[in-house]
Amino acid sequence: MTMAMATLAYPSSSTLLSSPPSSTGLSPSNTPFSSVSLHSPTLSSSFSVSRTFLASPRLSHVASSSFTVRAGVTAEKKRVLIVNTNSGGHAVIGFYLAKELLGSGHDVTILTVGDEGSDKMKKPPFSRFSEIREAGGKTVWGDPAAVGEAVGGAQFDVVLDNNGKDLDSVRPVVDWAKSSGVEQFLFISSAGIYKPTDEPPHVEGDKVKADAGHVLVEQYISETFSSWASFRPQYMIGSGNNKDCEEWFFDRIVRGRPVPIPGSGMQLTNISHVKDLSSMLTAAVENPGAAASGKIFNCVSDRAVTLDGMARLCAKAAGLPVNIVHYDPKAVGVDAKKAFPFRNMHFYAEPRAAKEILGWSSATNLPEDLKERFEEYVKIGRDKKEIKFDLDDKILEALKVPVAV
């Protein structure tokens with residue numbers, strides 16, 4: 001491949017900016033260039049340099065006024081198929097990844113499980129799939145067990161399974177991908193497969209639950225593909241997510257209700273903006289050599305937050321006070337898994353492999369990200385929506401904590 005080199009100065013009339021300049025410096029996550037597009041006569045088409053690419057080891061020079069970018073990995077246009085779940089918190093990962101890959105010049109098809117006309121498709125992120133089509137991507141629906149039929153015989157370089165949690169669900173996709181000549185297979189696993197540890201955080205290589213469905217999937221992929229990688233996310237926030245995270249806290253804060261948190265509230269967890277997940281996955285697509293041979297990546301941000309801290313950050317984003325109350329789930333007779341959106345324990349991982357192998361960096365900034373999330377929360381009218389707090393009321397009654405009517 002012919003290498004193209006472009007020296008870009010900031011500001012410049014020849015550069016295309018998709019975000020305003022940063023005043024905090026030129027780290028990979030806050031560089032003034034969110035994306036830069038250029039055309040080289042030695043390449044068949046234009047290509048774009050995303051924030052992910054700027055974090056790549058191929059970034060040869062960075063200075064306060066100019067930098068040089070060598071077109072290497074990202075100059076190769078990839079045909080990517082995303083097999084996307086139709087429910088749960090992971091659906092938004094495929095949505096963001098599709099948009100980021102399209103913005104970087106790749107061909108993207110997103111296959112969503114089920115029927116386009118189902119009620120599920122009326123909710124985000126599916127209700128926003130027009131954004132993918134407007135960016136040049138394709139959206140199709142079907143059965144992962146019959147991928148070839150769903151995609152009409154199209155060929156792909158990369159397949160990401162963002163749907164299956166067990167081998168029965170993922171095996172047909174893996175087998176089809178292998179028989180179709182797919183070069184790279186990526187899988188969205190879960191950090192929940194790690195065994196509890198006395199030495200948090202979870203890092204790649206820690207012991208996992210041998211009987212977890214995701215573990216069996218990873219093993220099967222390893223037996224089928226030489227170029228594959230698995231990504232283990234935790235909790236996430238972001239526009240289009242259809243599983244409550246920050247909304248759970250906002251629901252109580254805006255209504256002046258106490259926020260019941262199990263345990264001491266000092267339990268640590270990891271909450272990432274979904275853009276972090278999509279940028280890490282994009283880095284793997286654009287640098288398959290680094291993400292090959294069964295690499296495992298904790299697909300998370302690089303900072304933990306306490307459960308009490310999350311409540312306080314949400315309150316600060318809303319500009320409102322917060323009344324945190326703690327409880328022992330057993331003493332009040334509730335199942336913490338149903339009463340609270342996060343695990344009642346230290347549960348957080350660090351993205352060490354992505355930083356070391358992919359040159360990736362996190363852009364999650366919870367205080368600022370939560371402000372953006374609260375603006376959308378109010379915009380869609382959820383602050384006025386009638387919500388039942390039956391479990392909360394049971395907890396608060398046991399604690400003899402009054403609730404304003």
Side-chain angles (χ1 to χ4, degrees), residues 80-98 110-115 118 120-121 123-126 141-147 150 158-178 182 184-196 202 204 206-225 228-236 238 240-245 269-272 274 277-278 280-281 284 294-300 335 337-338 341-343 345 347-349:
V80 183
L81 172 65
I82 302 169
V83 180
N84 209 45
T85 180
N86 62 4
S87 62
H90 284 190
V92 73
I93 299 174
F95 174 66
Y96 272 79
L97 176 60
I110 184 164
L111 164 61
T112 302
V113 177
D115 182 4
S118 71
K120 289 182 177 182
M121 298 303 111
K123 300 177 181 180
F126 315 108
W141 283 259
D143 183 354
V147 182
V158 184
V159 169
L160 167 73
D161 191 301
N162 182 39
N163 171 60
K165 298 180 180 180
D166 55 54
L167 189 53
D168 288 343
S169 300
V170 182
R171 190 202 311 264
V173 181
V174 175
D175 292 347
W176 169 83
K178 184 65 175 179
V182 169
Q184 182 186 35
F185 197 96
L186 306 177
F187 175 59
I188 299 296
S189 181
S190 170
I193 67 175
Y194 286 115
K195 289 184 176 181
H202 294 297
E204 295 87 351
D206 280 359
K207 292 182 179 180
V208 296
K209 304 165 187 173
D211 59 347
H214 296 91
V215 173
L216 299 177
V217 170
E218 291 175 354
Q219 181 179 342
Y220 185 72
I221 299 172
S222 72
E223 296 168 353
T224 310
F225 276 89
W228 73 279
S230 182
F231 297 80
R232 297 172 178 171
Q234 279 192 242
Y235 306 118
M236 68 198 79
N241 194 359
N242 60 19
K243 185 175 183 179
D244 281 0
C245 180
T269 193
N270 189 300
I271 301 171
S272 312
V274 68
L277 282 67
S278 66
M280 187 184 298
L281 289 162
K295 295 293 192 304
I296 302 297
F297 298 97
N298 287 336
C299 203
V300 296
D335 183 351
K337 293 180 180 179
K338 296 180 179 179
F342 305 138
R343 299 188 184 200
M345 58 185 290
F347 175 52
Y348 76 106

### Message
With heavy-atom distances below 4.5 Å as the criterion, would you say the side chains of V159 and V147 are in contact?
### Response
no

### Query
Roughly how far, to the nearest 0.5 Å, is CH2 of W228 from CD of Q184?
12.0 Å

### Query
Which distance, rounded to the nearest 0.5 Å, do you find between the CG of N298 and the OH of Y348?
12.0 Å

### E223 CD to K178 NZ distance, which is reported to the nearest 0.5 Å
12.5 Å

### Message
Taking the side chain as everything from C-beta on, heavy atoms only, tell me whether L111 gets closer than 4.5 Å to P144.
### Response
no

### Query
Looking only at heavy atoms, which two atoms of P125 and N242 are closest? And how far apart?
CD-ND2, 3.9 Å

### Closest approach of S87 to F126 (non-hydrogen atoms, all atoms of both residues)
N-CZ, 4.2 Å

### Query
Closest heavy-atom contact between N84 and A91?
ND2-O, 3.1 Å

### Query
Does a side-chain heavy-atom distance below 4.5 Å link V274 with I93?
yes

### Message
Looking at Q234 and A349, would you say the former's side chain and the latter's main chain have a donor-acceptor pair under 3.5 Å?
### Response
yes

### Message
Apply side chain to side chain contact (heavy atoms under 4.5 Å, CB included) to residues L186 and F231 and explain how you reach the verdict.
### Response
CA-CA 8 Å; L186 306 177; F231 297 80; 4.0 Å; yes

#### Entry: Modelled atom types, side-chain donor and acceptor of N241 and Y96, under 3.5 Å
no

### Query
Between the side chain of N163 and the main-chain N/O of V83, is any donor-acceptor distance below 3.5 Å?
no

### Nearest heavy atoms of V92 and G240, plus distance in Å
CG2-C, 3.7 Å

### Task
Please say whether more than 12 non-hydrogen atoms of neighbouring residues, nucleotides or ligands are located less than 6.0 Å from NZ in K209.
yes

### Query
Once you round to the nearest 0.5 Å, how far does CD1 of I188 lie from OG of S230?
7.5 Å

### Query
Would one find more than 12 heavy atoms of other residues, nucleotides or ligands at under 6.0 Å from atom NZ of K337?
no

### Message
Can you tell me how the ring of F342 sits relative to the ring of Y235, calling it parallel under 30°, perpendicular over 60° and tilted otherwise?
### Response
tilted

## Note on the structure
Only one of D166, V173, L167 passes side chain to side chain contact (heavy atoms under 4.5 Å, CB included) with S169, and that residue is D166

### Message
Side chains of K120 and T112, heavy atoms from C-beta outward: is any pair under 4.5 Å?
### Response
no

#### Entry: Residue pair F185 / V174, side-chain heavy-atom distance below 4.5 Å
yes

### Task
Compare every heavy atom of S189 with every heavy atom of H90, then report the nearest pair and how far apart it is.
CE1-O, 3.5 Å

## Note on the structure
Nearest heavy-atom contact between F187 and E218 is CD2-CG, 4.1 Å

### Query
Is there side-chain contact between R232 and V208, with at least one heavy-atom pair below 4.5 Å?
yes

### Query
How long is the gap from CE on M236 to SG on C245, to the nearest 0.5 Å?
9.0 Å

### Minimum side-chain heavy-atom gap N86-M121 below 4.5 Å
yes

#### Entry: T85 side-chain N/O to N162 backbone N/O, donor-acceptor pair under 3.5 Å
no

### Query
Quick one: CG on D161 to CD1 on I82, what's the gap to the nearest 0.5 Å?
11.0 Å

